[in-house]
Amino acid sequence: MNKKLIHLEESIRPYIDLIDTLRSVGIHKDLALPTIAVIGDQSSGKSSVLEALSGIALPRGSGIVTRCPLELRLKKVTGGVNWKAVLFYRDKKTEFVDSSLVENYIEQAQNELAGRGVGICDELITLEVMSPDVCDLTLIDLPGIARVPVNGQPDDIEKQIKRLIMKYIEKQETINMVVVPCNIDIATTEALIMAQKVDPEGKRTVGILTKPDLIDRGTETTIMDIAQNKTIPLRKGYIMVKCRGQHQINEKISLEEAAQKERDFFQKHNFFRCLLNEDKATIKSLAVKLTQHLVDHIKKSLPQLNEQIKKQVWDLRNDLKECEAGPPQDPKGTLIGFINQIKYISAGELIIEENLFVQLRMEFKKWNDHLNERKPSFNNLPEEEITFNQNYRGRELLGFSNYKMFEVVLQKHVATLKEPAIDLLSAIKGIFMFNIFLDKIYNIQSVQQEKAEKRISEQFEMEDMIFTQDPIYLKSLKEITKETFSEEQLPLFDKKCKYGEMLQAYYELFSETEWTAVLSSSLIFFQIVVQRMADQLPMMITLFMLKQTAHLLSIDMLSLLDGANVSELLFEDSDVGKKRRDLHARLDRMRIGQEKISNFI
């Protein structure tokens with residue numbers, strides 16, 4: 001390796017590493033990256049040139065040999081590494097240290113991507129070669145152009161290959177390396193014609209002249225005119241190389257020996273000797289030129305590439321805003337955070353924008369207001385209700401209260417509260433529904449709702465028993481009558497009735513004293529029911545629908561961490577979901593690319 005090449009490698013390595021890194025993270029899927037695309041007609045010697053540059057034996061033969069784009073990353077390494085290669089395609093990665101396996105691995109990859117046979121495929125195969133004997137360079141080898149389908153090739157094989165080639169060479173970021181044999185009419189070379197269409201001024205095209213040992217005698221001057229850039233001018237010019245032929249391969253001549261034979265050939269050639277002095281001949285000169293061209297192209301493209309990435313980041317963020325919120329990007333971390341939030345929300349320790357307990361208190365206040373509005377006055381009850389309750393009189397004298405009358409009046413009014421209580425439960429259920437894992441929450445809350453409804457019904461059955469502690473009753477009695485009573489005194493009804501007067505009036509007409517007493521007692525007890533229900537119902541609903549639901553949900557969420565794949569559970573199978581995932585993936589790539597370029601510039 002000459003000193004000039006070594007110096008170049010030291011200065012250009014960071015640039016090529018940067019582009020390789022950007023390509024590794026997938027920037028090339030959205031934006032064109034500076035690269036060298038190698039094109040040529042079939043049997044142009046393209047594989048031999050790449051073999052000489054890389055130092056490895058690539059697939060060779062007649063017909064289509066390169067059936068998928070092959071990215072060849074050459075990295076010069078030191079520090080004990082003799083030779084190492086890594087093959088990437090799709091999600092597969094193969095590392096190996098035996099260079100003789102390259103051909104087989106590439107053929108296996110092509111068969112998997114393009115199928116066995118002679119078909120082609122657009123999918124990229126990447127071969128990264130690390131060795132102290134290679135230069136720092138990255139090239140993409142494209143299928144050779146076939147004009148006539150043979151050996152079972154599709155009828156439109158030429159069209160397919162040209163479409164694939166055009167996808168690479170039409171990009172302004174691509175340097176087109178056109179391989180042309182010296183022993184044919186260069187003007188009729190399909191590869192050069194395609195390059196001229198996309199690069200008419202030849203600014204980003206370099207010509208590689210192969211097989212100089214096969215030219216006809218007397219055509220040397222014509223070939224020299226081409227090599228001197230006089231026939232079809234290219235801004236980056238031409239370089240002539242002489243690689244191993246099939247005969248030398250069969251004789252197992254090494255690449256190192258072939259390189260020496262190449263130099264000897266040019267030194268001894270009467271016409272082509274001058275090309276050595278002009279650095280327009282040999283594989284080593286080609287490596288230097290390609291490296292210079294690629295690095296210059298990278299330097300020129302970086303500012304524009306940086307701006308393109310910034311614009312992509314901006315556009316992708318805006319596109320994501322148009323998609324409604326989707327599943328979390330860190331499923332397990334989000335799940336753990338969700339479990340903690342459930343715990344804090346149910347305990348009232350997490351204050352969020354839409355405060356849960358503020359909403360609950362609003363609903364519970366509506367319930368309390370409803371209870372107060374439903375308090376009966378018992379003064380203007382309809383006549384039929386009074387008559388109905390008179391029918392419950394037993395053998396007691398007028399003025400002596402029948403407990404059944406008191407019980408029936410109260411039970412009827414308490415019963416009117418049951419339906420609003422169930423409505424309150426449904427309203428609270430809506431507040432407790434979280435925004436993720438809705439199916440799981442719905443199942444848990446449905447069970448909890450049944451429990452709560454049963455408990456509410458039981459509460460109303462207990463209220464039908466008409467019971468309260470005497471001190472509580474006397475307290476309410478005092479508040480309503482403005483009189484003071486003790487537990488030793490007779491109950492309100494009997495005291496107000498005054499037994500002696502009632503006995504004397506036994507045969508007199510029935511007064512409303514008894515009914516008034518019953519209604520008064522009903523009002524007192526209904527006040528107690530209201531106080532009980534105003535607190536107990538919210539407490540029951542909070543227990544069943546919040547605290548127990550949160551506990552059960554947390555247990556289920558923890559079981560997910562130990563069991564099923566959380567990402568699969570959160571997978572969103574819809575067009576919007578697919579678009580969102582694609583946008584997120586592209587945005588992640590662009591952010592990494594932006595960071596890499598920012599650190600480099």
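Quick caveat, the model's predicted, so the values are computed rather than measured.
- In this structure, CG in Leu137 is found 5.5 Å from CG in Leu74, a value given to the nearest 0.5 Å.
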Derivation of the salt bridge (Lys or Arg N to Asp or Glu O under 4.0 Å) call for Asp315 and Lys311:
CA-CA 6 Å; Asp315 291 342; Lys311 184 179 184 304; 2.8 Å; yes
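- With hydrogens and angles disregarded, no donor-acceptor distance shorter than 3.5 Å links the side chain of Arg235 to the backbone of Gly202.
- Atom NE2 of His584 sits about 4.5 Å away from atom CG of Leu320, to the nearest 0.5 Å.
- Proximity of a side-chain donor or acceptor of Asp41 to a complementary backbone N or O of Ile145 within less than 3.5 Å is not detected.
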Could you walk me through whether Lys75 and Asp136 satisfy the side-chain contact (heavy atoms from CB on, under 4.5 Å) test, starting with their C-alpha distance in whole Å, then the side-chain angles of each, then the deciding distance to 0.1 Å, before giving a yes or no?
CA-CA 5 Å; Lys75 293 183 178 294; Asp136 287 301; 4.2 Å; yes
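- Side-chain N or O atoms of Glu123 include none that pairs as donor or acceptor with a backbone N or O of Leu113 at under 3.5 Å.
- Ile140 and Pro69 make their closest contact through CG2-CB, 4.3 Å (heavy atoms, listed as atom of the first residue, atom of the second, distance).
- Here the side chains of Leu276 and Arg263 are in contact, with some heavy-atom distance below 4.5 Å.
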Between Asp20 and Arg23, is a salt bridge (Lys or Arg N to Asp or Glu O under 4.0 Å) present by the stated rule, with each step listed?
CA-CA 5 Å; Asp20 286 346; Arg23 189 174 283 109; 3.8 Å; yes
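- Side-chain contact between Arg73 and Leu127 is absent, with no heavy atoms from C-beta onward closer than 4.5 Å.
- In this structure, the side chain of Asn306 does not engage the main chain of Leu302 through any donor-acceptor pair within 3.5 Å.
- Annotation for Pro212 and Val241: closest pair CD-O, 3.1 Å, computed over non-hydrogen atoms.
- Of all non-hydrogen atoms in Ser131 and Trp83, the two that sit nearest each other are CB-CD1, 3.7 Å.
- Closest approach of Gln228 to Cys274, counting heavy atoms only: NE2-SG, 4.2 Å.
- Here the side chains of Leu305 and Leu22 are in contact, with some heavy-atom distance below 4.5 Å.
- Using a 4.5 Å heavy-atom threshold, the side chains of Ile208 and Val206 count as touching.
- The aromatic rings of Tyr15 and Phe600 sit perpendicular to each other, their planes meeting at more than 60°, with 30° as the lower class boundary.
- Sorted by first then second residue, the salt bridge (Lys or Arg N to Asp or Glu O under 4.0 Å) pairs that include residues 157-179, not counting sequence neighbours, are Asp122-Arg163, Asp122-Lys167, Glu158-Lys162, Lys162-Glu190.
- Between the CD1 atom of Ile597 and the CD atom of Glu307 there is a distance of 10.0 Å, given to the nearest 0.5 Å.
- At least one donor-acceptor pair closer than 3.5 Å links the side chain of Glu262 to the backbone N or O of Ile283.
- Using a 4.5 Å heavy-atom cutoff, the side chains of Ile223 and Met240 are in contact.
- Note: Met590 CE to Leu583 CG = 11.5 Å, rounded to the nearest 0.5 Å.
- Atoms OG1 and CD1, from Thr66 and Ile106 in turn, are 8.0 Å apart once rounded to the nearest 0.5 Å.
- Here the straight-line distance linking atom OG1 of Thr21 with atom CD1 of Ile16 works out to 11.5 Å at 0.5 Å rounding.
- With a 4.5 Å cut-off on side-chain heavy atoms, Leu87 and Lys92 do not count as touching.
- For Asp279 and Lys289, the salt-bridge test fails: no basic side-chain N is under 4.0 Å from an acidic carboxylate O.
- Annotation: side chain of Ile36 is not in contact with side chain of Thr138 (no heavy-atom distance under 4.5 Å).
- The backbone N or O of Lys76 sits less than 3.5 Å from a side-chain atom of Arg13, completing a donor-acceptor pair.
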Just do the side-chain contact (heavy atoms from CB on, under 4.5 Å) check on Leu275 and His269 with the steps written out, would you?
CA-CA 10 Å; Leu275 295 177; His269 201 282; over 6 Å; no
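- Contact detail for Gly218 and Glu220: the closest heavy-atom pair is N-OE1, 2.8 Å.
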Full working for side-chain contact (heavy atoms from CB on, under 4.5 Å) between Phe88 and Leu124:
CA-CA 9 Å; Phe88 305 88; Leu124 184 70; over 6 Å; no
Under the criterion side chain to side chain donor-acceptor pair (under 3.5 Å), I'd like the reasoning laid out for Thr282 against Ser285: C-alpha separation, chi angles, the key distance, then a yes or no.
CA-CA 5 Å; Thr282 73; Ser285 294; 3.3 Å; yes
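- Between the Asn599 side chain and the Glu595 main chain, a donor and an acceptor come within less than 3.5 Å of each other.
- A salt bridge between Lys261 and Asp264 is absent, with no side-chain N of the basic residue lying under 4.0 Å from a carboxylate O of the acidic one.
- Arg589 contributes no side-chain N or O that, together with a main-chain N or O of His28, makes up a donor-acceptor pair within less than 3.5 Å.
- At least one side-chain heavy atom of Ile157 sits less than 4.5 Å from a side-chain heavy atom of Ile120.
- Shown here is Asn318, whose CG atom has more than 12 heavy atoms of other residues, nucleotides or ligands within 6.0 Å.
- For the pair Arg204 (side chain) and Thr174 (backbone), a donor-acceptor distance under 3.5 Å is present.
- What you find for Gln160 and Pro154 is that their closest heavy atoms are NE2-CB, 3.8 Å.
- Under the 3.5 Å distance criterion, the side-chain polar atoms of Arg273 are left unmatched by any main-chain donor or acceptor of Phe266.
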Run the side-chain contact (heavy atoms from CB on, under 4.5 Å) test on Ile184 and Thr189 for me, step by step, so that the C-alpha distance in whole Å, both residues' side-chain angles and the decisive distance to 0.1 Å come before the verdict.
CA-CA 8 Å; Ile184 66 170; Thr189 303; 3.6 Å; yes
